[in-house]
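Right, one structure below, let's go through it.
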Amino acid sequence: MSAIARPRLYFRGHTWWDPSTFNNNDNFPTYDAANVRLNMPYLYTQGVYAPEQFRRWAITSSYDATQDEHLPPAEWNYYGSMASGFVSPTAPAIEDPAWFDRPAGGTTVTGWSDEAGTYPAEGPWAAAQVTLNPDRMPTKMCDVNPAAFWSTQLFADRLQVGSPDAVGFGGALARRMCSRFPNLQNNYDATGELLIAGSMNVIWQGCLDRRDLALFDDQSGPGRALADALDRPGVAGLMIRFSTFETLYFNGAPFRALTGSKAERLSARMGLMAELYADYAAQREAWSRGERTTAPARPVNRAYSRTVGWIAPWHEGALCSEPEGRLLFAGATLLGETPRTVTPSQAQTHGDQAGQPYAPLPLGPTPIEAEIRGGAVTRVVLDTAVTLPKLWLGGPVARYGRLALRLGTQTIACIEPAAYADAAWAETGGLVDVALDAPVPLDAWYGADLGLVAHAETDAPVEALVEQAFTARCDLRGVYVDEPGTGAFARPDPTFTVRVQHRGRRPPPGTRLVVAQYDAAFTRVGPPGQSPMVELLADPARHPEAIGAGGLACTVTPGAGDWAEATLAVRALRPGIPNLPLLALPPAAALPTLARTIGATAIVDVPFVVARALPFHDQRADDFAQWLTGHPDADEVNARVYHEVFAVWAWLFPVMDFLRDPLAFQSWRGPIMEVTDPARFTETAYMPVNRCLSAGQRRILELWDAYLNGRSRHHGRLR
């Protein structure tokens, strides 16, 4: 339980994102994501038959009547590298400062708390930069589903706060981070300044194992407090949790000069990006002809999100990438229920604008952790990072008056607006510490559901959030699975473990876990939809029960701590990207009717795992092996490997341009074998950038390497 733990460090700044956007498919169905190939039938209708035509078409602006905007098929950041990180005074480096810029300053520690109070950062700690992957290649972002905002992963090797010659600490991150609670309605955007996904807010969480954690200073206030905490029994290391929100696109003076309505500004900025793309392509062609002495700067159009977060002790047994504690939600959308909505105060205005009525919105989820002393709960902490919407870019948190925390029918604490709004929210990364009105005995604490009641200034009290008493959580958001194989292609079915609790502790015997299967757009598979993409497998001892459409229900068994769990295996049936929502059921509860579809704004309240059934390429590898027995020359082999494995990525992602040169491609064979090694899948350096290399394609690379080496060489697989 790390949110309740102290000491805590707080930090604030920005996160930068550099995705390559050509596979988004928002407006142009260019990419067949399930099969990891270009959608050639569609491209043929656009007159695209060859790579050169493809590149020209990608950057040519056209008018999309459905969106009422001009935009190029490559969208807003064709030349992105899939990198990301926290903004610092020197990073990211801007390729063309005449067109693009970044937020000033860095992402730094702003304060800290111990048992005695909360303090601002002082001295060297006030300048302590929070950095992912210091002194190495940047963190990589990767969507399990390339068209889905709800499945983003951050692959980072290390986290560092401060520097070794001053204060702070550094260590290896225990696993990849995954976006949690993606709340598309976290900003009313009353001034219309936020474009694309600018109103979304998500939580990220990662952990540093104490065994690979170095404190640079253990004598100052925060340093001494962290050192003491790491020496406590049961502390496994440090946890970082942060939220990213109010994302800004098209950052640069020329873009900000474009005026008009929100739709007109977006259209104009997309059109300007198309002009930059075309200018860059022309200059690059001139450089390749020898008419320029230097290569032109790429028009890299990064996005930036405001970021607040905290760092605290990570306890043994706690999940690594998933917030724990009791969970409050606006509604059980997986069961088809309409989420509760609540209206904030209408008195808050922007500048000289008259007060506008704000639409009622469902609040985002709130995890709650409890501090237990003397057999009773005396203090709780609410993580409101994605809970309360903001009113406009850089504006205040929407006010809901006094918030009352309810246990059963009794109010056990009240939270005044000053504790959750504006400066207080930003200073603590969304954490709200609340001392209970009176200690609550444990049998009472675990004996009733929690709720959050809003007392807006002009309305009657509204129950905004209710507890999901039986919860299901999983540390792993993206599960990659290959086609079943035998012989040389034999590989274990990948697994994921789901943790189930009842009101934050071990559930009663007979509790079940339901795992359903929805397609990439969150529509339930099976008639009248498509057939399942993966098969879910559970230990027979758990008494699995098929629920149709590729889902199952199974009993959960006691885990090592205050929870029960079920470990499920995933077996591919066909390529695809199924979403697997998780639902915990009380003992003897009847299987409920699950929602047919789950809307984009409702996903915030649904726990789920995203599976990635990779394309079935084993036969291709067998065919390639047979072809090699005819002793083709090295150029033929290189050409075929390029076509079988890398052509799609080289077309889609200009960052992989180096592979287009046959001589460079062959010279990169050693590094290619290293960075495509499945054992390095969770490392930042892994390639390809979208992490969709199938086992069959990896086998082709092994055969290629062995053939050109003139000897057999084996590389293990890990899925």
Side-chain angles (χ1 to χ4, degrees), residues 24-27 29 33-34 66-67 143-152 178-189 194-203 243-245 247 262 327-344 358-366 386-390 398 462-466 468 471-472 474 477 514-530 532-533 547 549-551 576-583 592-611:
N24 280 5
N25 281 9
D26 304 64
N27 306 90
T66 63
Q67 301 293 319
D143 292 337
V144 186
N145 178 354
F149 59 84
W150 57 75
S151 66
T152 305
C178 304
S179 59
R180 301 287 167 168
F181 305 140
N183 190 352
L184 279 173
Q185 297 175 286
N186 197 243
N187 198 301
Y188 276 97
D189 192 25
L194 296 171
L195 306 174
I196 311 177
S199 293
M200 187 170 71
N201 189 352
V202 300
I203 281 179
S243 66
T244 53
F245 59 100
T247 301
K262 187 172 182 175
L327 280 175
L328 305 187
F329 287 96
T333 50
L334 182 57
L335 303 181
E337 297 177 10
T338 301
R340 292 164 176 79
T341 59
V342 60
T343 305
Y358 294 103
L361 286 181
L363 300 188
T366 300
V386 299
T387 304
L388 304 165
K390 289 76 182 169
V462 175
E463 187 160 61
L465 298 174
V466 294
Q468 186 181 62
T471 58
C474 183
R477 175 57 58 92
V514 173
V515 184
Q517 188 165 166
Y518 287 66
D519 67 16
F522 262 106
T523 298
R524 186 86 189 276
V525 300
Q530 294 180 315
M533 290 154 276
I547 63 171
I577 314 171
N579 296 297
L580 308 175
L582 311 171
L583 177 66
T593 299
L594 302 179
R596 176 66 185 153
T597 61
I598 302 173
T601 59
I603 291 170
V604 64
D605 284 343
V606 180
F608 60 90
V609 172
V610 184

dist D143:CG -> N24:CG (nearest 0.5 Å) comes out at 8.0 Å

Looking only at heavy atoms, the pair that brings T523 and T597 closest together is OG1-CG2, 3.4 Å

Distance-only, no hydrogens or angles: does the R477 side chain make a donor-acceptor pair with backbone N or O of V610 under 3.5 Å? no

Could you check whether any side-chain heavy atom of P581 comes within less than 4.5 Å of a side-chain heavy atom of F522, counting everything from C-beta outward? yes

Can you confirm whether M533 sits close enough to I577 that some side-chain heavy atom of one is under 4.5 Å from a side-chain heavy atom of the other?
no

Check whether any side-chain heavy atom of L363 sits under 4.5 Å from a side-chain heavy atom of P389, and report yes or no. yes

In terms of heavy-atom contacts, R340 and A464 come closest through CB-O, 4.0 Å

Sub-4.5 Å side-chain heavy-atom contact between P578 and V525: no

Exactly one candidate in P365, P607, S243 meets side-chain contact (heavy atoms from CB on, under 4.5 Å) with F181; the answer is P365

When rounded to the nearest 0.5 Å, the distance separating OG1 of T366 from CG of L327 is 9.0 Å

Nearest heavy-atom approach of V144 to A611 is CG1-O, 4.3 Å

In this structure, CD of Q517 is separated from CG of N579 (nearest 0.5 Å) by 9.5 Å

Review point. With a 4.5 Å limit on heavy-atom distance, are the side chains of V386 and V202 in contact?
Key: no

Applying side-chain contact (heavy atoms from CB on, under 4.5 Å) to L184 and not counting sequence neighbours gives F149, M200, A600, T601

In D189, N186, N187, the residue satisfying side chain to side chain donor-acceptor pair (under 3.5 Å) with K390 is N186

So salt bridge (charged side-chain N to carboxylate O under 4.0 Å, His left out) across residues 599-610, not counting sequence neighbours, yields none

- Message: Walk me through whether V515 and L582 qualify under side-chain contact (heavy atoms from CB on, under 4.5 Å).
- Response: CA-CA 5 Å; V515 184; L582 311 171; 4.0 Å; yes

Closest non-hydrogen contact found for L335 with P592 is CD2-CG, 3.7 Å

Notebook entry, point to check: Considering only heavy atoms from C-beta outward, does the side chain of V462 approach that of T343 to under 4.5 Å?
Noted result: no

Min side-chain heavy-atom separation L594-L583 under 4.5 Å = yes

For L194 and K262 the tightest heavy-atom approach is O-CE, 2.6 Å

Shortest non-hydrogen pair, V342 vs P344, comes out as O-CD, 3.8 Å

- Is there side-chain contact between I603 and I598, with heavy atoms separated by less than 4.5 Å? yes

Rounding to 0.5 Å, atoms CG (N183) and CH2 (W150) come to a distance of 14.5 Å

